[in-house]
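Only a predicted model underlies this, so the values are computations on that prediction, with no experimental measurement involved.
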Amino acid sequence: MLLRGRPRALGAAALLLLLLIGFFLFGGDPDYGRPRSRGAAAFDGDPPADPGGHNSSDCIPPPPLPPPKCELLQVAIVCAGHNSSRDVITLVKSLLFYRKNPLHLHLVTDAVARNILETLFHTWMVPAVQISFYDADELKPQVSWIPNKHYSGLYGLMKLVLPSALPPDLARVIVLDTDVTFASNIAELWALFAHFSDKQAIGLVENQSDWYLGNLWKNHRPWPALGRGFNTGVILLQLDRLRQAGWEQMWKLTAKRELLTLPATSLADQDIFNAIIKEHPWLVQPLPCMWNVQLSDHTLAERCYSEASDLKVIHWNSPKKLHVKNKHVESFRNLYLTFLEYNGNLLRRELFGCPCPPPPGAEQLQQALAQLEEQDACFEFRQQQLAMHRVHITFLPHKPPPPQPHDVTLVAQLSMERLQMLEALCRHWPGPMSLALYLTDAEAQQFLRFVETSAVLSARQDVAYHVVYREGSLYPINQLRNVALAQALTPYVFLSDIDFLPAYSLYSSLRASIEQLELGGKRKAALVVPAFETLHYRFSFPSSKAELLTLLDAGSLYTFRYHEWPQGHAPTDYARWREAQAPYRVQWAADYEPYVVVPRDCPRYDPRFVGFGWNKVAHIIELDAQEYELLVLPEAFTIHLPHAPSLDIIRFRSNPTYRDCVQALKDDFHQDLSRHYGAAALKYLTALQQPRGPV
C-alpha cells in the first residue's frame, strides 16, 4: 500500500546498492534472480560431501516449479526479547524485498517480543502478510528439562516443539533463525519441498564447519551427527509427516538417551535434530548449501560461495554476529546493512492479482486519502494527519520500574537533531522516561550506536525509547507524544519537551506533591511546572528556587517565551510563584500551554496538529474541558535550553499559507470541541475570537 507523496529516493539508492552487492557476492551471474531452464541443476553449488558423509544429494534433480503466484507461504520464527525483535525486523525486510507470494508469519515470542512486534506489524500495514503469535512461556515446560549451554537459552530449543505448537492443519512450514538474511525470493526455498520423498520430513543444509566431526580441540565431544551434521538456521518442516511419525516421542527419547552420556546441548535444538537424523537418516532431505551460508568462526562456507552460482540466505550463526572473523565478511555485512537501514515504508507493496484481505484499517485509510484534494493549500497537513507511521516500541532493552503509587514518568519526543539532549536529561531526571524518537531506518541505527557508546545512556535501563519511523514532510508532534504517553508505565506522567531540563530535585518533589495533594482518588488535577528559559548555551543550572530567582533577577533567565509568546505561560502567574509556599490554583486562559503532571490515563493529544503551532494548547483545552484543576507547584521548575529553530518553526514564521493551515486546524478542533462538549465549549470559542498579539 503506497500512500501518495511517499519519498522513493532512498529506496532507489538501496536497490542500486543491493544490485551491486549481488553482482559482487554472486559472481555477476547474469541469470541471478531469474528462473532457470528446466534442465539446470538445482543443487549446482553444493560442495562434495566428505568421504564418510551422506549430506549431499547424489543425483541432480531438475529445479522444482515455483509455487503458484498467490500460494500462501508459511514461515515460523522463534523470537524473545528486545534485541531479537530488532533482528526479526531486518530478516522480515529481506523477505519482503524479494517475495512475490503472500506470507503467513508464525511468531513464537515471549511477552516482550510480542508487545513490540504486534505494534510494529499493526502499524507497518504490509499487504498480504498475516501474523500469528504463540506464547513461548506456554511452551517452556516442554523443553526446560534439557540442559543447554547455547547463548539462546530455552528459546533455542523451541523449534523442537513446532509440530505440536503450530495449528494441526498446517502441513508444512519454513523455520528461520532470527540471524539470517535473505538474498532471494523465499518462494524458491518453498519450492524445494517438491524434492522430498514420501518419507522425508526435514530439509536442512549441511553444517559448514567441522564441529560434529569432533576435531576442533582436544576432548571435544559433540552430539552424534550424520557426517558433518546439519545446521538448523533454515529448516523445511513437513509437519504432517512428523506428526504421523511420532515426532514428539522421537525427539524426547533421543534427547534423554544422549543426555545420559553428554552433560548438555551445546548448539541447542541443532544437537537434538542431528542426533535424530543420525538414527533416522531417511527423515532428512539435504538442501543446496546456498540456502544457509553459515558465517561462524570455524566456517567452511567458502567452499559453498566460491563455487555456487548464487547465494540465497546468509546466516550469522556466531555469537559475534557481524564481527565474526571471515575474510569476506565486509561483503556479507553490506548486504545485511542494506536491509537494516532500508526504508521499511517502501515494502508496503501490493501483490497485484492476489485476492488477499487488506491490513486492518487500510481500506478506510485509502478512502480518506482519496478524498483529499492535492490542489488544497493545506493538502500537506491533511495528508500528514493520515500518515500511518511504523512504530517500534521499546527499541532498546528496558526494565520497567517497580510499581509505586506516586511514581512519575517523564514523557517527551525528539528527532535526530535533539539527540544531544539525552545525556543531560538523564543527569537531571533519575526516574523513568518514555521517549518517542522520529527517525528514519538509518537514523535508528545511528541512535542505537549513540546509546551503546554513551556511558550515561547505556547505564539507564528505565528509559524506554520508542522509534516512530519518518513518513511525510511535517513533524507529527502530537502523534509522537501519544506514542510515548501510551507506553508510560507509572501512575503519573510529566508531559515535557526534549529541549527542557527539569530541576535536579523535580522527580522526588513531584512524587511528594502527588502524595501530599492526595491525587490518587477522584480528584482530577494537572500539576503545573513553571517553565523558564536561558539564551546562553552555557550557564550554571540553579540547584534551588532561590538560585533560579537570583538568575532571573540578573537577566540570565527569563520566564519561558516572555519575548515571543507571553500568553502561552502568563496564567502561571510568575509573580505569585516567586512568593508561593504552597500549590495554588490558576484558571485556564486562551493559548495557555504549561508543562504539567497528570495521571497516565489523561486525555491524549490531538493528532491533527502536525508541524508547529497549537499542538500543546489544544491538549490543555481538553484537560480544562474535562475539569482538571490547574495547580501550580511552588518549588518546581524546568528550564528551556537554546537551540537552532526547527524547520517547522521557520516555515511557520515565514510562510503565511502555513499559518493559515494551522488556523484551519484550530477551527476544525473547535468545531469538534463544540460537538463533544456542547455549551461548555463556548468559552473556548469566545477566547479564540479575541485579538491576538504577534507570534
Side-chain angles (χ1 to χ4, degrees), residues 364 368 371-372 376-378 381-382 384-386 411 474 476-483 485-486 492-497 519 521-529 531 560-561 565-573 584-632 652 658-695:
Q364 297 90 323
Q371 293 175 3
L372 298 182
D376 181 0
C378 298
F381 283 79
R382 307 296 186 191
Q384 185 72 64
Q385 295 166 19
L386 295 174
V411 170
L474 294 169
I477 185 166
N478 277 359
Q479 295 180 46
L480 295 172
R481 285 171 169 152
N482 285 340
V483 168
L485 180 55
Y492 297 91
V493 288
F494 173 35
L495 304 179
S496 185
D497 277 334
L519 298 185
K522 296 182 179 180
R523 183 182 186 184
K524 292 197 296 187
L527 306 182
V528 175
V529 177
F560 183 53
R561 301 196 73 188
W565 185 245
Q567 59 266 49
H569 291 265
T572 298
D573 194 349
Y584 59 91
R585 185 171 182 176
V586 295
Q587 299 298 317
W588 174 87
D591 298 320
Y592 192 29
E593 51 176 0
Y595 293 95
V596 295
V597 177
V598 288
R600 182 180 60 191
D601 61 355
C602 69
R604 286 341 189 214
Y605 288 88
D606 193 315
R608 86 184 78 201
F609 291 100
V610 295
F612 178 81
W614 237 64
N615 45 74
K616 201 152 74 291
V617 172
H619 188 244
I620 298 300
I621 289 177
E622 192 75 38
L623 292 177
D624 186 70
Q626 294 193 22
E627 299 181 339
Y628 277 73
E629 295 179 78
L630 295 171
L631 299 174
V632 181
F652 179 88
Y658 192 110
R659 294 195 295 272
D660 290 343
C661 292
V662 173
Q663 182 61 50
L665 297 181
K666 292 163 63 174
D667 294 342
D668 292 346
F669 171 79
H670 278 92
Q671 290 177 15
D672 289 343
L673 206 66
S674 297
R675 283 191 286 267
H676 190 207
Y677 295 104
L682 286 175
K683 73 172 182 177
Y684 308 114
L685 293 171
T686 303
L688 180 67
Q689 295 167 359
Q690 294 176 356
R692 294 287 184 276
V695 176

Requested in this report: Apply the test side chain to side chain contact (heavy atoms under 4.5 Å, CB included) to residues Asp606 and Asp672: give CA-CA distance (whole Å), side-chain angles for both, the deciding distance (0.1 Å), then the verdict.
Outcome: CA-CA 11 Å; Asp606 193 315; Asp672 289 343; 5.7 Å; no
Report task. Check step by step if side chain to side chain contact (heavy atoms under 4.5 Å, CB included) holds for Leu665 and Cys378. Result -> CA-CA 10 Å; Leu665 297 181; Cys378 298; over 6 Å; no
Query raised in the report: Passes side chain to side chain contact (heavy atoms under 4.5 Å, CB included), Ile620 versus Val596? Steps please.
Result: CA-CA 9 Å; Ile620 298 300; Val596 295; 4.3 Å; yes
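Contact check on Asp497 versus Arg481 returns a salt bridge, with a Lys/Arg side-chain nitrogen under 4.0 Å from an Asp/Glu carboxylate oxygen. A salt bridge links Glu629 to Arg523: at least one charged side-chain nitrogen sits closer than 4.0 Å to a carboxylate oxygen.
Contact check for Val617 versus Phe609: no side-chain heavy atoms found under the 4.5 Å cut-off. The shortest side-chain heavy-atom distance between Phe669 and Ile621 falls under the 4.5 Å cut-off. A heavy-atom distance below 4.5 Å is found between the side chains of Leu386 and Leu372.
Without hydrogens or angle criteria, Tyr605 side chain to Ile477 main chain gives no donor-acceptor distance under 3.5 Å. Between the side chain of Tyr584 and the backbone N or O of Asp573, at least one donor-acceptor pair lies under 3.5 Å. Side-chain atoms of Gln385 come within 3.5 Å of backbone atoms of Arg608 as a donor-acceptor pair (strictly under, hydrogens ignored). Checking side-chain atoms of His619 against main-chain N and O of Pro603 turns up a donor-acceptor pair under 3.5 Å. The closest donor-acceptor contact from the side chain of Lys666 to the backbone of Trp614 lies at 3.5 Å or more, if one exists at all. Remark: the backbone N or O of Gly611 is not paired with any side-chain donor or acceptor of Tyr658 at under 3.5 angstrom. Asn478 contributes a side-chain N or O that, together with a main-chain N or O of Asn615, makes up a donor-acceptor pair within less than 3.5 Å.
Across all non-hydrogen atoms, the minimal contact from Ala525 to Pro599 is O-CD, 4.0 Å. Residues Gln587 and Arg585 approach most closely at NE2-NE, 4.1 Å, considering heavy atoms. Nearest heavy-atom pair, Val662 versus Gly613, reported as atom, atom and distance to 0.1 Å: CG1-O, 4.0 Å. Of all non-hydrogen atoms in Ala589 and Pro571, the two that sit nearest each other are CB-CG, 3.7 Å. Closest non-hydrogen pair, Ala526 versus Leu623, comes out as CB-CD1, 4.4 Å.
To the nearest 0.5 Å, the span separating CD on Gln567 from CD on Glu593 amounts to 9.0 Å. With rounding to the nearest 0.5 Å, the separation of CD in Gln371 from CZ in Arg382 is 12.5 Å. With rounding to the nearest 0.5 Å, the separation of CG in Leu519 from OH in Tyr492 is 5.0 Å. Taken to the nearest 0.5 Å, the NZ atom of Lys524 stands 11.0 Å off from the SG atom of Cys602.
A donor-acceptor contact closer than 3.5 angstrom links the side chains of Tyr677 and Glu622. No hydrogens or angles considered: a donor-acceptor pair under 3.5 Å links the side chains of Thr572 and Tyr592. Checked by atom type, the side-chain pair Asp667/Gln671 shows no donor-acceptor distance below 3.5 Å.
Stacking of Lys616 on the aromatic ring of Tyr595 is recorded, both the 6.0 Å distance cut-off and the 45° axial limit being met.
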